[in-house]
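All remarks here apply to the structure that follows.
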Amino acid sequence: MILITCPHCGPRQESEFTYGGDGANARPAAPEDVDDAAWIDYLHLRDNHKGPHDELWQHVQGCRRWLQVRRDVVTHQVISCHVLSADIADLADSADMVEGER
Amino acid sequence: MSRHPAMGRLLDRDRPLSFTFDGKSYRGYQGDTLASALMANNIRVLGRSFKYHRPRGIFGAGSEDPSALVQLRTAGRTEPNIRATQVELYDGLVAHSQNNWPSLDWDLGAVLGLASKFLPAGFYYKTFMWPAKFWPHYERLIRNMAGMGRSAETPDPDRYEKRHAHCDVLVIGGGPTGRAAALAAAKDGSDVWLVDENAHIEELDGVTVMARTTAFGKYDDSLYGLLERTGDHLAAPKDDAPRQILWLLRAGRMILASGAIERPLLFANNDRPGIMLAGAAARFLADYGVCPGKRAVIVTNNDSAYAVAQTLIDGGIDIAAIIDQRHLTTRREIAGCEILHNHGVIDTAGRRGLTRVTVAPLDVNGDAVPQSERLLDCDLLCVAGGFTPSVHLYSQAGGKLTFRDDIQTMVPHGEVGGITVVGAANGELDGGVGEPLNLSLGRAKQFIDLQNDVTAADVELAAREGYQSVEHLKRYTTLGMGTDQGKTSNLNGIAVLAGALDKPQADVGITTYRAPYTPVTIGALAGREVGTFLTPTRRTPLQEWHEDNGAVFVPAGLWRRPHYYPRPGETMADAVNREVLAVRQNVAIVDVSTLGRIDLHGGDVAEFLNRVYINGFKTLDIGMCRYGVMLRDDGMIFDDGTVARMGDGHYIMTTTTANAGPVMAHLEYYLQVVWPDLDVHLTSITDQWSVVAVAGPQSRALLESLDSDMEFANQALPFMAWRAGQIGGITAQVFRISFSGELAYEIAVPADHGHALWEMLLAAGEDLGIIPYGTEALTTLRTEKGHFVMGPEADGRASADDMGLGGMLSAKKDFIGKRSLRLPALEPEGRPNLVGLIPKDGKTAIPPGAIMVDRETPGPGMEKAGHVATSVFSASLGKPIATAMVTNGRQRHGETLWAHSPVDGRVVPVEVTDPVFIDPKGERLRA
Ligand SMILES: [Zn+2]
């Protein structure tokens, strides 16, 4: 049961989150413009890293934010976790919140 | 009873207890374990071994014991494979021996022992392979022969709890090392917990001390699993107390002071009752005052045995000899005790317990010198083969072990974050350092694993057959896979493997340690999550009404929806047919509060809906609804539902019941990750509304009879429109949408008013003959109408075009999944299409899940055309119908196919039809 430190909610148990796939698998910005191979790569093909791995998790039983988590798949250690799509100001805000709770 | 008058530090002799073993009554004392009490009553054979049914007795004194397993307690509290050495005696305890038939003394399975040369390693794998169809028979046979105890057949009456906690420092092990470490750690005010699996652990100032608590597992991020046995030492837990507590403890730091486990020695027939670990024999005497024998032989390869010998002598046990396998320059002496240096035990005798050992001098290679054996009569043989550090939790945490030649064992090697291993667990073994294991003493039956009956010969055979990795060896021979997890056998198994491979032991490695350290009951793992607490049950505002009115329920995700409402004497079919006909001919109501409802606000909602649905939403006017289909990005249908436009930048989406959560997460994903620039805010409002569908040709008449400020005529509220107002004083939204294909309305009211609305509708509709209907009628109605649903038809492999919805796919815009429609796999030719089926004879039910084939008798070259999705009896048409997914099905209407049930073998000839059986032009729903 790993701990994920949600930027909004602080350290929480894995059971509050759901895994949402490979965090490095960006959706093509203009799907109609990519060829079949690139689209199939996005749909189905994933690298299987040994070591640090970028992945998406959603804090479904907390703030419901989708989070970008960097996790070592060998040791299970969570290396970093941040809010997706957040600009720098958002990140600073959420850091303040975590700080404020302490 | 053979008790020493002065020894037995844990006994309270003023509190005698009675207990039974295999139906016979015995006496013991408060403070005894079941093992010590049985020993005091001269019971030596406690059970039979797993494979050869050899007699098994007490080998250890604690959690390391592999063989003293009993069936404990009775009825719902009974538990199999309980280690007698860890059972605290209580008055009235009931235990039975296990793995014997018909009795412990006369065990027929022991014949296997005589035939044991036919049961080598991998016997089951090799023997029960062919023919495959006999496997179920073999499996039953094997399970009967190899079974250990029996599980309870009635519910466990006790309560089990789970608790979550945090501490700064967790110390595992309450021996001197652990206690010193805990005190030191607590000095700075840290929150320190000390846990020990034993019952008798003294309190420590400033430390939370938990006795009877096993740290059984180390999990990610400093999470430890602790099992606290709060009620196991009692006949039944005291009032309100749980039987066991499973602690999930996050500890900042862990100090592992779990000590070391004594290691057995290998020689022929080293498994008889009466042979035990030397330290265990001393412990039985010192802790429980019980003499494990009258006349003992001690065999050792290290110094620890001499202290044991002194304890046994102090306890009045006659020492026949100490057999020291070592070739020592300085010889030890103990007054009144024969010490045979450079000797080994090479065999033992005694059919139901040890009576004699054979010893012999050893030559320079450690081999027994031929023709020089000596027989020693004894009823106790103490074996001392050195010690193995208990590094289980360190190893579970990913800690690496290394084999140290100087102490002949595996020790922690390297850092694991937050864990410190101290004392004997770290290889500080004092006098307990054994010599390399002598592998050559005796020929027959050198047992390594006493629980799974794995012998040195089995390990050697496995190595010859190519199972040379320790992990393969373990699985092939089952070495260390018993309930003791090989605490006394793993290292010896590796030593034998190293010998067979002629490799240094350090190069052979060790199997991965896995949780749990000792068995954890299913009860503790389940905790309070049993019965209705296993998962939460979601209840609609009308649940109580459904229950009070005889609904039969069916699970739908976490909901329990009314399946149908039988009247007295009605079968399910009767009730469903009645409910279906009420909708088709009259009026009926159904609780649809379980459908997901998502409120969308923001300036970009229309654009967002355009991107998540295959059809367009920009032209949806306020006051109108639209049906939509969502795809996943791979082009397969993900969900469907309706969207109502409530106002400027305000919409309400409905989802299917089962997909409400996944659709929400899907929308959040696209808004947060892919299109964060869109101004859309989502709120789940499923729980805030109670929704009732009113369906049937009389539904308008019913609504018009209510006290309402709304008009329900076609002009005022046309098909796919919605209006807000009040009904009988309740704020309501009325949506003119239909799932059944009939004239229908969905009325949404704030959840608290759902019951009032429902009763109001029933009362107003009484003269019209209104009834409630359930999900089975709903299924029949939508099947008659040719509507697919998520699951049976749209099973995650179906595209919109497969369902006949190709016309909905917008060419004017991009949407999730659109790009995939150009992939070769989504070419329409050869795709499965939604079709209807009717039995050729017009009356035979079509088997659900059947495989559609182009002929009656399956054979080579046949076409597998598809499968039956939903099969119902259509009360409206008076015959069975079904939906199916059939290859190129839209071009095959009128064709005959055969539905073959893989479950019951039925074969039904069917005609492929259009999926819409009723009102294909949709005149009824627009009526
Ligand atoms: Zn959160």
Side-chain angles (χ1 to χ4, degrees), chain A residues 1-5 8 11-15 17-45 55-68 71-79 82-87 90, chain B residues 162 164 166 217-225 248-250 252 397-399 416-418 515 536 598 611 631-636 661-662 664-678 681-684 811-827:
Chain A
M1 180 87 75
I2 60 171
L3 283 177
I4 297 175
T5 302
H8 291 133
R12 298 299 182 97
Q13 307 238 53
E14 175 187 341
S15 54
F17 298 80
T18 51
Y19 181 65
D22 192 323
N25 186 45
R27 187 177 192 268
E32 290 299 319
D33 297 344
V34 301
D35 62 16
D36 281 3
W39 186 248
I40 286 168
D41 186 65
Y42 154 71
L43 286 179
H44 302 299
L45 303 180
E55 40 199 45
L56 294 176
W57 291 75
Q58 189 185 14
H59 196 186
V60 285
Q61 290 183 45
C63 60
R64 293 201 65 90
R65 294 300 297 195
W66 282 86
L67 305 168
Q68 178 97 25
R71 186 175 68 99
D72 190 312
V73 295
V74 177
T75 63
H76 299 184
Q77 193 201 352
V78 174
I79 299 157
H82 63 263
V83 177
L84 267 159
S85 83
D87 58 25
D90 274 354
Chain B
K162 273 186 207 170
H164 295 253
H166 294 80
K218 157 74 175 73
Y219 302 92
D220 291 328
D221 284 329
S222 311
L223 181 67
Y224 293 87
L248 297 165
L249 177 71
R250 298 258 181 204
V416 176
I598 299 170
R611 296 186 194 181
L631 306 183
R632 301 187 307 232
D633 242 343
D634 65 359
M636 299 301 147
M664 188 72 177
H666 172 85
L667 300 180
E668 286 167 331
Y669 172 81
Y670 279 93
L671 283 175
Q672 292 177 31
V673 181
V674 183
W675 305 311
D677 50 313
L678 291 184
H681 296 268
L682 306 172
T683 312
S684 168
K812 295 181 199 154
K813 55 153 191 167
D814 193 9
F815 53 85
I816 295 169
K818 186 177 189 183
R819 175 63 185 81
S820 291
L821 304 182
R822 282 169 29 212
L823 296 177
L826 274 284
E827 287 288 328

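What you are looking at is a predicted structure, and each value in this text was computed from that prediction instead of being measured. A, B, ... follow the sequence lines: proteins, then strands. Residue 1 opens every chain.
- Between the Q77(A) side chain and the D220(B) main chain, no donor and acceptor come within less than 3.5 Å of each other.
- The part of T75(A) that comes within reach of chain B is its backbone (N, CA, C, O), which places non-hydrogen atoms under 4.5 angstrom from that chain.
- Heavy-atom distances place both the backbone and the side chain of D633(B) under 4.5 Å from chain A.
- Interface residue W66(A): backbone and side-chain heavy atoms are both found under 4.5 Å from chain B.
- Among the candidates V674(B), D634(B), L823(B), the residue making the largest number of heavy-atom pairs closer than 4.5 Å to chain A is L823(B).
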Report task. Under the side-chain contact (heavy atoms from CB on, under 4.5 Å) rule, what do M664(B) and R64(A) come out as? Steps first, then yes or no, please. Result -> CA-CA 10 Å; M664(B) 188 72 177; R64(A) 293 201 65 90; 3.7 Å; yes

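- Within the 4.5 angstrom heavy-atom criterion, no atom of V74(A) approaches chain B.
- Not a single salt bridge (Lys or Arg N to Asp or Glu O under 4.0 Å) links K813(B) to another residue, sequence neighbours left out.
- Scanning both residues, R822(B) and V34(A), for their nearest heavy atoms gives NH2-O, 4.2 Å.
- Comment: E32(A) does not engage K818(B) in a salt bridge, judged by the lack of any side-chain N to carboxylate O separation of less than 4.0 angstrom.
- Between Y219(B) and H76(A) the shortest side-chain heavy-atom distance does not fall below 4.5 Å.
- Heavy-atom distances place both the backbone and the side chain of L3(A) under 4.5 Å from chain B.
- Within the 4.5 Å cutoff, the side chain of L223(B) has no heavy atoms near those of the I2(A) side chain.
- We find the CD-CD distance between Q68(A) and Q672(B) to be 12.5 Å, quoted to the nearest 0.5 Å.
- Contacts of S222(B) with chain A are absent, with no heavy-atom separation under 4.5 Å from either backbone or side chain.
- With a threshold of 4.5 angstrom between heavy atoms, L821(B) does not approach chain A through any atom at all.
- Counting all heavy atoms, side chain and backbone alike, Q58(A) lies closest to A665(B) at OE1-CB, 3.3 Å.
- Interatomic distance, D221(B) CG to Q13(A) CD, rounded to the nearest 0.5 Å: 9.5 Å.
- Residues passing the salt bridge (Lys or Arg N to Asp or Glu O under 4.0 Å) test with D36(A), sequence neighbours excluded: R819(B).
- Chosen from L43(A), V78(A), L56(A), V60(A), the residue pairing most often with chain B at heavy-atom distances under 4.5 Å is L43(A).
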